[in-house]
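Below is one structure; the comments refer to it alone.
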Amino acid sequence: MRCRGPRSPPPPPLRGGGAVAGILAALGDTPVDYLATDPAARHRAAVEAEFADDPRVRCAPFDPALDPRDQGYPPNSVDVLVCVGVLDNLPDIGAAVHRLGSLVAPGGWLVLLENTDDEDHAVRISTEFLPEHAGPFDDLRREAEQTFLGTAQWSRLLTEWEGRIVAEYPADASTAAAFGQRLYFVQPKPYREPLDAAALAAHAGALLPEYAVPAQWQILDALPLTANGKTDRALLERWAGRPERQALAPASDQPRDALERALAALWCELLELERVGRDDDLFALGGDSLLVARIVGRLREGLDGLDSEWDLEWEVVLRHLLRRPTVAGLADYLRDVSAGPGGTEAAESSPIVTLEEADGPVTVLVHAGTGTLLPYRPLITEIRAASSGRNALVGLEIPELDAFLNADPTGLIDRLAARYARALQDAGHTRFDIVGYCVGGVIATEVARVLGESGAEVRSLTVISSHSPTFRIDDELLSEYSFALMMGMDLAHIGFPADQDRVGAAVGAVLDRSPDAVADGAIADLDGAYADIAAAFAALEALPRMARVGRMVEALPPELAGTYQPEGLLRALRTYQQSTFALSRHRAEPYAGDITFLRHNGAYPFPGSADTITDHWAKICLGELSSRDIPGQHFTCMTGDHVPTVFSHLSDIVEGMTP
């Protein structure tokens, strides 16, 4: 939760959801953290568009017919819960009132505007025929053959647990009957004192040694009981292991030691926030790759109050923040780095990167040509923000980079896919939704094939801006050029021609001579119409490789300036080149299942087009091929404003990605 206002501690923001515009207008400048919820993405989209520039408003999925905790919303986490004309759509209003009441903290409010069934009012008559009011009902409406509750029935439901109706409008019964609706202001827990989990944690930390302080705090209305009246310890353990939706979580994540406090202070400074909790998502708070570069720079210099300095690489830190984008996660990584050999890096022999844990099906993101999940970073943030807790989310990254770089690229895609499929099954997963971008789309197809042939359930396969070239790439400079494009570098600064279409045409000219391969040095050997392209490639070919890499470091776009040292960029380049060489030597076999192809609608500067690449997937797919356009070019379609479109398509494809 973000605290906004002056540097002196502001009052805690209100937390709530419901009818946005009118409430915000009435609140004026009151610090508010307003979560507007709806189970349907299309309904949330309208609110997101209207309040895109208002930092007080956020949107998230929530279904009042389901258990809030199962959707990631912990009890006692809402100050004001606004519900307008929703409860009588549900099969059991009483159960829904109890669920919503459990979300409201002591001292908080449940505000309801609902239809009443005191007489045949026009509102009732006009809405009674809507499908959501057709039942069947599981509450008292079933026996009474009602569609809406009367005022007396509402009063009983709102007070039968321990709630108190403080006010209702219209207060006069005859006016309410004529109006057909009533507004209730209810305190679900009027006789309970509010508790601050952060204060409890701080108090426990002052009295107990660090190892004895609980790692997680949850404020419950009552302990769950088994059928025989004993404390249900198994259910408590499941609750402790289930991630809570950060959007409504109480501020119980205070930093726990000097390192976490120093990191939280650094994040507050760089993000210009009053407070950052140990479990707040850096990217959800507005962080990006450039901010990570600034964090790494400060860590190299050392943090205030700590003796340690860390010799870190931006890309490595960014990868760890992709796994756990929190103060707690970064602190654990820094402790492992300080511990030396045997820490985090030594343990990374598995290709699986766990991003979200759940008992349901697993969505698998397959690394792109860089061998890492970094191109998926914005998409992962979108998935986490909308996660319903029903699906697990994992990524696949190249586990032993040196072995990969020294491997024979011929057959490498198949060998990687077999290893990845085996690792996924060894991890206990049985149902899969597989997603691959760029080179990852081709690898994902092979992973899906191996899993399917071994008896696993592949529910969906999605490839994003991906294809296998029909020719072999051996030209080292051409792969460097492609890498520079992917990284958004200034091509002219490196020495490459700036006109991408001209380079693509030059590659086409090479293929006219030798359709099966672009041999090493082939572009530099061109003449005639492409003599200028050949001259630029020949001049770069004459430079030592590290000189070219040095230019690449200088040519990085502003958002990546200062992130890479030459050695780190060379490693990323070599990984990309090996992936490109392996991809161009791979010959895809037909895939028996369905495929969804998310095809970028921007330019295709290299030989090929949207139609030829779609034809490629049509030949591979023996099931149903669904092609959908996404905005951007190949190297931009997974960035910036294009990411919500990609996520929207995935939400449609992957069952359970959102509620």
Closest non-hydrogen atom pair between Leu321 and Phe283, with its separation: O-CE1, 3.8 Å
Donor-acceptor contact below 3.5 Å, side chain Tyr376 vs main chain Tyr437: yes
Atom pair CG (Leu35) and OG (Ser77), whose distance is rounded to the nearest 0.5 Å: 9.5 Å
Closest non-hydrogen atom pair, Pro378 against Val643: CB-CG2, 3.7 Å
Min side-chain heavy-atom separation Val111-Tyr184 under 4.5 Å: no
Test applied, side chain to side chain contact (heavy atoms under 4.5 Å, CB included); reference residue, Leu355; option that passes from Val394, Ile383, Ile380: Ile380
Inter-residue atom distance Cys637.SG - Asp629.CG, 0.5 Å rounding: 11.0 Å
Ion pair Arg324/Asp332, N-O distance below 4.0 Å: yes
Validation row: Arg56, Asp33 side chains within 4.5 angstrom (heavy atoms): no
Ion pair Arg335/Asp257, N-O distance below 4.0 Å: yes
Main-chain N/O of Gly277 paired to Asp280 side chain as donor or acceptor, under 3.5 Å: yes
Thr159 side chain vs Ser155 backbone, donor-acceptor pair below 3.5 Å: yes
Within-4.5 Å side-chain heavy-atom neighbours: His642 and Pro631: yes
Atom CD of Glu168 with >12 non-hydrogen neighbours under 6.0 angstrom: yes
Leu322, Leu271, Val327, Asp288 screened by side chain to side chain contact (heavy atoms under 4.5 Å, CB included) with Leu282, the one that passes: Leu271
Trace of the side-chain contact (heavy atoms from CB on, under 4.5 Å) decision for Arg298 with Leu270: CA-CA 10 Å; Arg298 295 287 290 273; Leu270 297 180; 4.1 Å; yes
Heavy-atom side-chain contact between Trp154 and Arg182 under 4.5 Å: no
More than 12 heavy atoms of other groups within 6.0 Å of Arg294 CZ: no
Donor-acceptor contact present, side-chain Lys189 to main-chain Glu162, <3.5 Å: no
Closest non-hydrogen atom pair between Gly163 and Pro190, with its separation: CA-CD, 4.3 Å
Worked check of side-chain contact (heavy atoms from CB on, under 4.5 Å) between Glu114 and Gln181: CA-CA 6 Å; Glu114 295 294 344; Gln181 291 182 317; over 6 Å; no
Heavy-atom pair with the smallest gap, counting every atom of Ala392 and Ala358: N-CB, 3.6 Å
Approximate separation, where rounding is to 0.5 Å, of Ile464 CD1 and His649 NE2: 10.0 Å
Validation row: Ile219, Pro75 side chains within 4.5 angstrom (heavy atoms): no
Side-chain heavy-atom pair Val317, Leu330 within 4.5 angstrom cut-off: yes
Inter-residue atom distance Trp267.CH2 - Thr326.OG1, 0.5 Å rounding: 6.0 Å
Side chain Arg99, main chain Pro64, donor-acceptor under 3.5 Å: yes
Pairwise distance CE(Met638) to CZ(Phe647) - rounded to 0.5 angstrom: 12.5 Å
Heavy-atom donor-acceptor pair, Glu260 side chain to Arg278 backbone, under 3.5 Å: no
side-chain contact (heavy atoms from CB on, under 4.5 Å) assessment of Leu103 paired with Asn76: CA-CA 5 Å; Leu103 284 173; Asn76 298 293; over 6 Å; no
Close side-chain approach of Leu112 and Leu183, heavy atoms under 4.5 Å: no
Side-chain donor/acceptor of Thr381 to backbone N/O of Arg377, under 3.5 Å: yes
Backbone N/O of Gly632 and side chain of Thr636: donor-acceptor pair under 3.5 Å: no
Test item: Arg323 side-chain N/O and Val353 main-chain N/O as donor-acceptor pair under 3.5 Å: no
Exercise: identify the closest heavy-atom pair between Leu365 and Leu373: O-CD2, 3.5 Å
Flag, side chain of Asp433 to backbone of Leu650, donor-acceptor distance under 3.5 Å: no
CA sep, side-chain torsions, deciding dist, call: Val80, Phe185, side-chain contact (heavy atoms from CB on, under 4.5 Å): CA-CA 10 Å; Val80 180; Phe185 290 84; over 6 Å; no
Gap between atom CD1 of Ile630 and atom NE2 of His600 - 0.5 Å precision: 8.5 Å
Nearest atoms (heavy-atom pairs only) where Ala328 meets Asp279: CB-OD1, 4.0 Å
Validation row: Val276, Leu266 side chains within 4.5 angstrom (heavy atoms): no
